[in-house]
Amino acid sequence: LLGVAAVAFAVAAPYEILDFRTFAGDVTREGEMARRIADFPYTRQYINTTPYLYHVQQLATWGLGWPLGLVAWGGLAVALLMAVIRRRKADVLLLTWVVPYFAVVGAFDAKFLRYMLPITPFLLLFGARALVGLHRAVLRWKDDAADTFRGRARWVLAAAPRVTAGIIVFVLAATALYAAAFSVIYTRPHPAVLASRWIQANVPTGAVVAKEHWEEGIPDLGSYRNIELGLYDDPDNAAKRDLMARQLAEADLVVFYSNRLYGTIPRLPDRYPMSSRYYHLLFDGALGFELAYTATSYPGLLGVSLVDDTFARPGLTPPAPLRNYQPSPVSVNLGYADDNVIAYDHPKVMVFRNVRRLDAGAIAAALGEPSPRESGPGQGLGLVFTPAEWQTYRENGTWSALFDRQSPMNRAPELTWLLAVEFMGLLAFPLTFKVCGRLPDRGYALARGLGILLVAYLTWLAASTWVLPFTRGTILLAMGLLGLVSAGVAWRWRAELRAWLARNRRVVLTEEAVFLVAFAGFYVIRVLNPDLWHAWRGGEKPMDFAYLNAVVRSVYMPPYDPWFAGGYLNYYYFGQFITATIIKLTGII
């Protein structure tokens, strides 16, 4: 079977074999796109979307229509149930394709509607089988119960098969009407073509037309001067704002081919704070532009239009002319439609005319300051603290405030460190005693690691949310919380704990001895070779030591970046934080 598949692949797709390197690279790139390892602009629309549920909603709403969509997904649920209860081979066979495919693809970060095409025919089979099965079950129920019903109940019994038959007819009719409504789109001129005709009829040649990048664009505008607005460009800084302000001041028109950008960017205010404000201001008229023309081609039939809402999801107020717009006497708002559904064959095209002619300075002032994260030291480079945050870090956590070289802890640092680790292990042991009940030592050997981890994590959580600073007081509070929980567990099972300790003293002493030998051994290794002295044998230890010191000196999280003044650390630093927690607790320099 595999041999036949290989031959079929070679015959049908020879270039994948002749140029396998390109093929493998393309597949890798597409896989990175689907998982958003590669950050393509057209996949940012799927940020903060719910896995699986997004596919269910979009396929049911726009791919099949709600009547058939509900039947299709409901049919899948019925097929799963039947496969479990009756174990029918036909169900199992089809589900071995549908379920793994949906489990894997439904979890992708990119959720293009076309990703559901390979299982849609099977969903339709499941749905059809469920409807027909329901109707047949009702017929059997009617025949079996004919002699037991009287009066009005008998009328209900007689009507039940008609109801199920009516549901089947309704689903078929609604699906046919839905398909016809979508087909009507292709009997009309494309909205972008209509917008092009309007511009050529109403705007003099040579005018400046601003369009967004990563868009399809309006055709036949070669007689106009076209400029691109780079709204997706990172970061939202002063340079980007000033360029946008100059372009908008110069533009006679701003054209939107679709909602590809304005449907996504305002949903990412942390990444695009200024660009998000731009759309709000533009649609509200605050930048001097007014909506002069719009065109779309909603699916519709017999005076009923199926409307997609491009403004609600990004939280935008529609431009004034569109706030009460209805394309048909009856307009059914089906909510947000995936970019794939509308952006190619029936986008909402909008043309804004520059009526107030604001200068670049006024537009830049309206757009406002760049992101707060971009306005501190290193403006425009990203990953920097605000001036207030940076001042907080500089005023706290100084070396002299953290460490006293003459303290008792620094006179016996090895013993102090060991006692701190042992004490956190004792705090956590009642928890491991219950959680690790099947282990011979009831988790005694794991308690030290758990105690250190829990104390460090609670402290990190407080410092990362800026609830409490990263200080000895916060660490002691975390130890107190752990101690309270463990004390409650120890008291609740005190008899069991006391009896176990009495029976297993040798286990406890043996594990303590093993730990002390390991502790002493690693200590000797580090004293003899700290890995900090050599240019290349040291590996990452110089960097690791710099990050450790930065974590120790930071009063909140994330830590400051020791290599970039005013910046914060963009690195996995929690390992250093665990060590820094013991350093701050003990005050060992």
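Nothing here was measured: the structure is a model prediction, and the numbers come from that model.
The closest donor-acceptor contact from the side chain of Arg241 to the backbone of Gly368 lies under 3.5 Å. Thr294 places no side-chain N or O within donor-acceptor distance of the main-chain N or O of Met350, the cut-off being under 3.5 Å. A donor-acceptor distance shorter than 3.5 angstrom exists from the side chain of Arg35 to the backbone of Gly31, with no hydrogens or angles considered. A donor-acceptor pair under 3.5 Å is absent between the side-chain atoms of Tyr560 and the main chain of Ala565, judged by distance alone. Listed for the Thr187 side chain is no donor-acceptor partner under 3.5 Å among the backbone atoms of Ser183. Under the 3.5 Å distance criterion, the side-chain polar atoms of Thr43 are left unmatched by any main-chain donor or acceptor of Asp39. At least one donor-acceptor pair closer than 3.5 Å links the side chain of Arg356 to the backbone N or O of Gly285.
Of all heavy-atom pairs between Leu261 and His213, the closest is CD1-O, 3.5 Å. In terms of heavy atoms, Asn354 sits closest to Ala249 at ND2-O, 4.0 Å. When all heavy atoms are compared, the tightest approach of Leu569 to Pro558 is O-CB, 4.1 Å. Residues Pro314 and Pro266 share a closest heavy-atom pair of O-CB, 3.5 Å. What you find for Tyr573 and Ser464 is that their closest heavy atoms are OH-OG, 4.4 Å. Taking every heavy atom of both residues into account, Asn340 and Tyr344 meet most closely at O-CD1, 4.0 Å.
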When you look at Leu123 and Val98, which way does the side-chain contact (heavy atoms from CB on, under 4.5 Å) test go after all the steps? CA-CA 8 Å; Leu123 296 179; Val98 174; 4.3 Å; yes

Give the C-alpha distance, both sets of side-chain angles, the deciding distance and a yes or no for ring-ring contact (aromatic ring centres under 6.0 Å, His included) between Phe470 and Phe577. CA-CA 10 Å; Phe470 182 32; Phe577 186 89; 4.5 Å; yes

Criterion side-chain contact (heavy atoms from CB on, under 4.5 Å) on Val307 and Gln326, from CA distance to verdict: CA-CA 9 Å; Val307 177; Gln326 283 194 314; over 6 Å; no

Please step through side-chain contact (heavy atoms from CB on, under 4.5 Å) for the pair Ser196 and Leu221, ending with a clear verdict. CA-CA 7 Å; Ser196 176; Leu221 297 184; 4.2 Å; yes

Apply side-chain contact (heavy atoms from CB on, under 4.5 Å) to the pair Val71 and Leu64, showing each step before the final yes or no. CA-CA 10 Å; Val71 168; Leu64 302 174; over 6 Å; no

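Distance check, rounded to the nearest 0.5 Å: CD of Glu389 to CH2 of Trp466 gives 4.5 Å. With rounding to the nearest 0.5 Å, the separation of CG in Asn259 from CD in Glu215 is 8.0 Å. Between Leu94 atom CG and Ile119 atom CD1 the span is 12.0 Å, to the nearest 0.5 Å. Here CH2 of Trp214 is found 8.0 Å from CZ of Arg44. Values are rounded to the nearest 0.5 Å. Here the CG atom belonging to Leu306 is positioned 9.0 Å from the CG atom belonging to Leu301, to the nearest 0.5 angstrom. The line from OG1 of Thr49 to CZ of Arg267 is 7.0 Å long, rounded to the nearest 0.5 Å.
Heavy-atom neighbours of Glu290 CD from other residues, nucleotides or ligands within 6.0 Å: at or below the threshold of 12. Residue Phe108 places its CZ atom among more than 12 non-hydrogen atoms of other residues, nucleotides or ligands, all under 6.0 Å distant. Taking a 6.0 Å sphere around CZ of Arg323, one finds it holds more than 12 heavy atoms contributed by other residues, nucleotides or ligands.
Side-chain contact between Tyr547 and Pro559: absent, with no pair of heavy atoms (C-beta onward) separated by less than 4.5 Å. Val254 is listed as a side-chain neighbour of Leu248, based on a closest heavy-atom distance under 4.5 Å. A 4.5 Å side-chain heavy-atom check between Tyr178 and Leu68 finds every atom pair outside the cut-off. Side-chain contact check for Thr296 versus Pro327: every heavy-atom pair is 4.5 Å or farther apart. Residues Gln57 and Tyr336 are not in side-chain contact: their nearest non-hydrogen atoms beyond the backbone lie 4.5 Å or more apart. Side-chain contact between Lys240 and Ser275 is present, with heavy atoms from C-beta onward closer than 4.5 Å. Two residues are said to be in side-chain contact when any heavy atoms from C-beta on lie closer than 4.5 Å; Val255 and Ile199 meet this criterion. Within the 4.5 Å cutoff, no side-chain heavy atoms of Leu194 are placed close to those of Val349.
Classification of the Trp198-Tyr293 ring pair by plane angle, with boundaries at 30° and 60°, yields parallel. The aromatic rings of Tyr46 and Tyr54 sit perpendicular, their planes meeting at an angle over 60°, well past the 30° parallel limit. Using cut-offs of 30° and 60° for the angle between ring planes, the Phe574 and Trp460 rings count as perpendicular. Ring orientation note: the planes of His55 and Phe102 are nearly perpendicular, at an angle over 60° on the 30°/60° scale.
Shown are Arg188, Lys348, His346; of these, the side-chain hydrogen bond (donor to acceptor under 3.5 Å, both in side chains) with Ser297 is made only by Arg188.
With no hydrogens or angles considered, a side-chain donor-acceptor pair links Thr310 and Tyr262 at under 3.5 Å. Using modelled atom types and a 3.5 Å distance limit, the side chains of Ser328 and Ser305 yield a donor-acceptor pair. In the model, Asn396 has no side-chain atom that pairs as donor or acceptor with a side-chain atom of Tyr556 under 3.5 Å.
Between Arg277 and Asp236 no salt bridge is recorded (no basic side-chain N to carboxylate O distance below 4.0 Å).
Here the two rings, on Phe126 and Phe122, have centers that are 6.0 Å apart or farther. Ring-centre distance between Phe283 and Phe256: below the 6.0 Å cut-off. In this structure, Tyr42 has its ring center under 6.0 Å from that of Phe40.
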